[in-house]
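First the structure, in the form of structure tokens, and then the observations on it.
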Amino acid sequence: MTKREMDQKAAIMIVIDHLGNIPPGTKCSAVLFDRERIRREKEFYAKLYSENGVHDAEILQAMVSANVPDDPYWLVSLKTSDGAMGDITQLHRVDDRTGKIIPDPA
């Protein structure tokens, strides 16, 4: 098993431990957002906000910073099947350095 596989599993387990009651059959995955992916994610949000009318550079930077962490993190996806509702996907971020859940922006 490679270190990355262990890190993926650790990130998933952190989220499962945090949430507590995960239904059997939940599909779990995790992707590491390194500096390059974070840079691309910030570019995406900056473009999105610009296209929606935000042109002030300071406000744009603040909005991007509120939605994208600066440090590497794991994006953990938990996908459950709810018969009537279809699939429900939850996304959680786990700080790669601390192993703590990163709260969603309010």
Side-chain angles (χ1 to χ4, degrees):
M1 195 178 304
T2 67
K3 176 139 175 61
R4 181 159 183 208
E5 287 173 321
M6 290 188 329
D7 289 342
Q8 287 173 323
K9 290 176 183 177
I12 291 167
M13 289 309 299
I14 289 167
V15 171
I16 289 172
D17 288 344
H18 175 75
L19 296 176
N21 193 11
I22 302 299
T26 299
K27 296 178 184 175
C28 306
S29 64
V31 175
L32 177 65
F33 274 65
D34 57 9
R35 300 233 182 259
E36 178 58 24
R37 281 195 179 175
I38 290 170
R39 182 191 63 75
R40 290 192 316 250
E41 186 180 19
K42 287 183 178 192
E43 286 176 359
F44 167 80
Y45 276 103
K47 181 178 178 184
L48 177 70
Y49 296 143
S50 293
E51 290 174 353
N52 286 297
V54 179
H55 299 292
D56 181 279
E58 190 173 311
I59 292 172
L60 189 62
Q61 175 63 30
M63 291 175 73
V64 169
S65 292
N67 283 290
V68 182
D70 289 325
D71 295 318
Y73 66 90
W74 289 90
L75 183 63
V76 177
S77 170
L78 302 176
K79 186 175 184 179
T80 57
S81 183
D82 181 10
M85 300 290 291
D87 291 336
I88 299 171
T89 302
Q90 297 179 23
L91 299 175
H92 302 274
R93 292 175 176 159
V94 177
D95 188 299
D96 185 47
R97 295 171 302 127
T98 65
K100 303 281 186 200
I101 300 284
I102 300 172
D104 287 331

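To the nearest 0.5 angstrom, C28 atom SG is 12.0 Å from K79 atom NZ. Atoms OG1 and CG, from T98 and D71 in turn, are 9.0 Å apart once rounded to the nearest 0.5 Å. With values rounded to the nearest 0.5 angstrom, D96 atom CG is found 6.5 Å from D7 atom CG. Expressed to the nearest 0.5 Å, how far CG of N67 lies from CG of L48 amounts to 9.5 Å. With values rounded to the nearest 0.5 angstrom, K9 atom NZ is found 12.0 Å from I16 atom CD1. The line from CE of M63 to CG of N52 is 8.5 Å long, rounded to the nearest 0.5 Å.
Nearest heavy atoms, K42 versus P69: CE-O, 4.1 Å. Counting all heavy atoms, side chain and backbone alike, D70 lies closest to I38 at O-CD1, 3.9 Å. Scanning both residues, A30 and V76, for their nearest heavy atoms gives CB-CG2, 4.0 Å. S77 approaches L91 most closely through the heavy-atom pair CB-CD2, 3.7 Å. Contact between D95 and Y73 at its shortest, heavy atoms only, is CA-CB, 4.3 Å. Nearest heavy atom pair, residue P72 against residue R35, reads CD-NH1, 3.7 Å.
The pair E41-R37 does not meet the salt-bridge criterion, since no charged nitrogen lies less than 4.0 angstrom from a carboxylate oxygen. E36 and R40 are joined by a salt bridge, as a carboxylate oxygen and a charged side-chain nitrogen come within less than 4.0 angstrom of each other.
Each of L78, I14, T26 was checked for a side chain to side chain contact (heavy atoms under 4.5 Å, CB included) with L19, and the lone residue meeting it is L78.
Within the 4.5 Å cutoff, side-chain heavy atoms of S50 are placed close to those of L60.
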